[in-house]
Amino acid sequence: MTENAPQQQTDLPNAWNPADEEAGLYQRWVAAGYFTADAASDKPPFTIVLPPPNVNGSLHMGHALDHTLMDALTRRRRMQGYEVLWLPGMDHAGIATQNVVERELANEGVSRHDLGREGFVQRVWEWKAEYGGKILDQMRRLGDGVDWSRERFTMDDGLSRAVQTMFKRLYDDGLIYRAERIINWCPRCHTALSDIEVDHSEDEGELVSIRYGDGDHAIVVATTRAETMLGDTAVAVHPDDERYAHLVGTEVELPLTGRRIPVVADKHVDPEFGTGAVKVTPAHDPNDFEIGRRHGLPMPSIMDERAVITAHGPFEGLDRFEARPAIVAALREQGRIVAEKRPYLHAVGHCSRCDTVVEPRLSLQWWVRVEPLARAAGDAVRDGRTEIHPPELAKRYFDWVDNMHDWTISRQLWWGHRIPVWYGPDGETVCVGPDEEPPSGEGWHQDPDVLDTWFSSGLWPFSTMGWPDDTADLAKFYPTTVLVTGYDILFFWVARMMMFGLYAMDGRQPFDHVFLHGLIRDANGKKMSKSRGNGIDPLDWMNRFGADATRFTLARAANPGGDMALAEEWAAGARNFGTKLWNASRFAMLNGATVARPLPATGELTEADRWILGRLRTVVSEVDDLLEDFQFAKATNLLYHFTWDELCDWYLELAKVQLSGDRADNTRAVLGHVLDTVLRLLHPFVPFVTERLWTALTGGESLVVARWPGQALTGGGPALPEPDDVADGRITDLQKLVTEIRRFRSDQGLKPGQKVAARLSGPGYADLAAHEDAVRSLARLTDAGDGFSATAAIEVSLPAGAVQVELDTSGAIDVAAERKRLQKDLAVAEKELKQTEGKLGNQAFLDKAPAEVVDKIKARRDTAAADIERITARLAALPS
RNA sequence: GGGCGCAUAGCUCAGCGGAAGAGCACCUGCCUUACAAGCAGGGGGUCGCAGGUUCGAACCCUGCUGCGCCCA
């Protein structure tokens, strides 16, 4: 390490141009191997597996946030001396990718069936080679410090083997079974979907009331799906509903079909809803399916896989949405429509991939029996083996895992892991493990379906490290330390990885912590979406403001659990901060700031030096605490304000004075030191600009592998002096004095650059006399030389007493402006006096409030009283 | 229908029992030799409404109103 090599001059350009430097810096980091994890290392591990993005996806703002936070976590831990593994990769996104390639084929006038299964899958691989993984390059743009040597893909041989192993184990344990049930069917994708692949929305539909039967034997049912009446096999009423008691056990005629169907009593019918009677279509509604099961009803399917009506005379061949009005019209003709309500708002499920309205469908599918797995997943969080941050979200997790339905894992697709089950000529069913030969011979065939993409993604925390083999990576890096994702992905990711991880890894949880961040919204707090057109492309921001600015914007908005609104102005602000940091650093370096020598002894430092170093020490400690607690927004805001408001606005200005004094070298050391530390603290969030500045400042190899300030694991780091109350108070006084003078100047319309002769005096000034040069520099005051003639005076009250500032404004002063100012200050002081005296006049307050609170109020009262006296006198002295 | 969360400056959000804060926006003046992607100064809020607890409430409790999200 050459971290302490001296660096006198700087080769830094005048301005920071991210586009010129980011890509080169990133390449250098990767080439140096900084991000490559070593399973043989003695360092403590810190592991994150990247929730794998879809192979057909591109980086959106949600990813950018996710990645920024993961990168910040891993970069800091790396600097702290951990052996960091951040493992990247992608999933194969079964439905989405198959859709993409099918669309491509459609443009060529070909269907996947023309290519055949093998040909189609080959074609998807070719597509992947050419277009897949765009997001990986976008991750490089963002600066993700991932271990590219361990990049994985869910369809790779190793991960496929893990999938087959897992299937076999679950099958053998009786946790995977095949059954005919109602599933969510997408008539466009032609596949089953799991519950969470269905999005519900309130859609406008119609509620039609239909009379079944006639005369005394009539019963009215209401439905939003009139077309399903073709598949009705019963009408159900509540057993205690006296209105229909006489009909239960009898049959009514089902219109249009000539069929007679029974009226059954079922206690799951809500007698309050509608007429209290419901039509029962067991093959096309999950509730009706349950009723059908309880009453042994037939379950005819009336639609094919495209949701087109099959059989049933005139309606055959109609799409379900064409069939609906046709059937209503036919019923109306027969006088069977009792009431119609349009529009009628009701919840409708849509395919999360293509937005088609899902069709509940009776079909034979493979299922995971989740009960024991979900219980273990809940217990791991209940036991505290896995901690969810922020903890409020644990409740949502429990609600989900404790009430989870069995999971449909078969998909009627070709792109994915094929179900490793073979069926024999005599009805045999054989599940085949990865190292076994599948049965062959006449009549044997493999199940045609593939597994849900989430089945393979659920294995990600360990399949990526070589499971089911015992590998060095698993030994070193499992369980992973933290999973970072949005709270909307809690069920997709967390629950499924937890279930599989605990099962496959002998009860060892896949991650110790789960950090859930909020969702990205636009400047008005609205969710970003394609239909709204309010999405922001992170690449656009990276192009215009730089990767650092994009990252810093996201990190500054990331309060745990809270959603965050973003707008271009936010990114511009972050870019401005980078510029500020750049300019401040360049200024410091041009003035010889250096880390070449150790910090001077405390006794050799000025109060300004001791103040900024004390503040720095506090900031280091606070930032550290905040980051341990995933408080990214607070940590970055603290750094933003320390850098801008304290370091740049005050210390750099004070340093300008010191640099022309006799202890300039000390100032150079302090400047270098503060800057060095600030760059280290900021590096996890804005890696590029800090790297460029830090290597220039220190001559060190790279900030990526530099030590993190403070904290035990870092083995020390620069020793900073304790915060110094005297120095802090002195600088606070100085700031107040300078600010008051500036206020006066501004009131009086004096140009900021205009020097004004002044004389400073008063009891409060004794302690500040040593800072006179600084005060004069910051307030643009010159000495009161010959011919000085005060035309105005202000009085600033400090804890040690008042300071008089007499100024020669070389002209008349604006008395009205001065009076206005004083009156305003007076009003403030009077309000303060009234408030504090009110409290102190309350015996109950004096008796019950803690002594330090009472003392504080007393001090405030005294200050207010003194201010009133002073201001009143000043007002009286003003020429009228 | 069940559950959760939020209502604080024009906008987006911190603060969660002892003096109302930030960023952006806004107003005034400045190209003051690091920085106009900037500097200096300034204006702006009875902290959704109504009760209660407390010496003291933006902060705790109850109800109401209005939003948002998840699940059914």
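Each chain gets a letter, A, B and so on, in the order its sequence line appears, and its residues count up from 1.
Each of A:Glu653 and A:His405 has a nearest nucleotide on RNA chain B; the 5'-most of these lies closest to A:Glu653. In this structure, A:Trp400 and A:Leu750 both approach RNA chain B, and ranking their closest nucleotides by distance from the 5' end singles out A:Leu750.
When the C1' atom of B:A37 is taken as reference, atom CZ of A:Arg544 falls 13 Å away, rounded to whole Å. Across the protein-nucleic acid pair, A:Leu693 atom CG and B:C35 atom P stand 16 Å apart, rounded to whole Å. As a whole-Å value, the separation of A:Arg575 CZ from B:C24 P is 12 Å. Taking atom CG of A:Asp825 as the reference point, atom P of B:G41 lies 14 Å away to the nearest angstrom. The CG atom of A:Leu393 sits 13 Å away from the P atom of B:C71 (whole-angstrom rounding). Computed from coordinates, the A:Asn14 CG to B:C31 P distance equals 22 Å when rounded to whole Å. Summarising the geometry, the separation between CG on A:Asn576 and C1' on B:G38 is reported as 9 Å, rounded to the nearest angstrom. Straight-line distance from the CG atom of A:Leu846 to the P atom of B:C55: 13 Å, rounded to whole Å.
Using a 4.0 Å heavy-atom cutoff across all strands shown, A:Arg743 reaches sugar-phosphate atoms only and no base atom. Heavy atoms of A:Glu568 sit nowhere under 4.0 angstrom from any nucleic acid atom. Within the nucleic acid shown, A:Lys580 comes within 4.0 Å of at least one base atom, counting heavy atoms only. At the heavy-atom level, A:Ser585 lies nowhere under 4.0 Å from the strands shown. Among the atoms of the strands shown, base atoms are found under 4.0 Å from some heavy atom of A:Thr579.
Separation of the C1' atoms belonging to B:C26 and B:U12 is 16 Å when rounded to the nearest angstrom. Rounded to whole Å, the P atom of B:G42 lies 42 Å from the corresponding atom of B:U54. To the nearest whole angstrom, the two C1' atoms, one in B:G21 and one in B:G15, are 7 Å apart. With both ends at atom C1', the span from B:A7 to B:A58 equals 11 Å, rounded to whole Å. Here the separation of B:C60 from B:C47, taken at their P atoms, is 15 Å to the nearest Å. A distance of about 31 Å separates the C1' atoms of B:G18 and B:C24, rounded to the whole Å. B:G45 and B:C13 have their C1' atoms separated by 15 Å, given to the nearest Å. Spacing between B:U28 and B:G44 at atom P, rounded to whole Å, works out to 16 Å.
Listed candidates were B:G38, B:C70, B:A34. Nearest to the side chain of A:Arg396 is B:C70. Distances were taken from every side-chain heavy atom of A:Tyr640 (C-beta onward) to each of B:C30, B:C24, B:C35; the shortest belongs to B:C24. The side chain of A:Asn583 sits closest to B:C35 out of B:C30, B:A22, B:C35. Relative to the side chain of A:Ala844, the nucleotides B:A34, B:C55, B:G42 differ in distance, and B:C55 lies closest.
A donor-acceptor pair is defined here as one N or O able to donate and one able to accept, closer than 3.5 Å; such a pair exists between the side chain of A:Arg668 and the backbone of A:Asn591. With hydrogens and angles ignored, the 3.5 Å screen pairs a side-chain donor or acceptor of A:Ser585 with a backbone N or O of A:Leu581. Not a single donor-acceptor pair under 3.5 Å links the side chain of A:Asp676 to the backbone N or O of A:Gly672. A donor-acceptor pair under 3.5 Å is absent between the side-chain atoms of A:Glu646 and the main chain of A:Tyr651, judged by distance alone. The main-chain N or O of A:Val689 is found under 3.5 Å from a side-chain atom of A:Asp548 such that the two form a donor-acceptor pair. A:Asp406 places a side-chain N or O within 3.5 Å of a backbone atom of A:Val370 that can act as its donor or acceptor partner. With A:Asp563 contributing its side chain and A:Leu519 its backbone, the two residues share a donor-acceptor pair below 3.5 Å. A side-chain donor-acceptor contact under 3.5 Å links A:Arg776 to the backbone of A:Thr782.
The side chain of A:Trp16 contributes no N or O atom lying less than 4.0 Å from OP1 or OP2 of B:A34. In this model, the phosphate group of B:A34 is approached by a side-chain N or O of A:Lys656 to a distance below 4.0 Å at OP1 or OP2.
Counting heavy-atom neighbours within 6.0 Å of A:Lys858 NZ, excluding the residue itself, gives a total of 12 or less.
Under a cutoff of 6.0 Å and an axis angle of 45°, A:Arg496 and A:Trp407 form a cation-pi pair. Figure legend: A:Lys580 and A:Tyr640 shown without cation-pi pairing, the cationic atom not lying both under 6.0 angstrom from the six-membered ring centre and within 45 degrees of its axis.
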Exercise. Could you run down nucleotides 8-21 of chain B 5' to 3' and tag each one B, S or - for protein heavy-atom contact under 4.0 Å?
Worked result: ---SS-SS--BB--

For this session: Could you check A:Arg743 against A:Asp825 for salt bridge (Lys or Arg N to Asp or Glu O under 4.0 Å), going step by step and ending with a plain yes or no?
Result: CA-CA 12 Å; A:Arg743 274 213 310 175; A:Asp825 288 353; 3.3 Å; yes

Problem set entry | Nucleotide pairing, RNA chain B (Watson-Crick or G-U, distances under 3.5 Å), in dot-bracket with [ ] and | | ((((((((.[[[[.)..(..]]]].(((((.......))))).....[[[[[..)....]]]]]))))))).

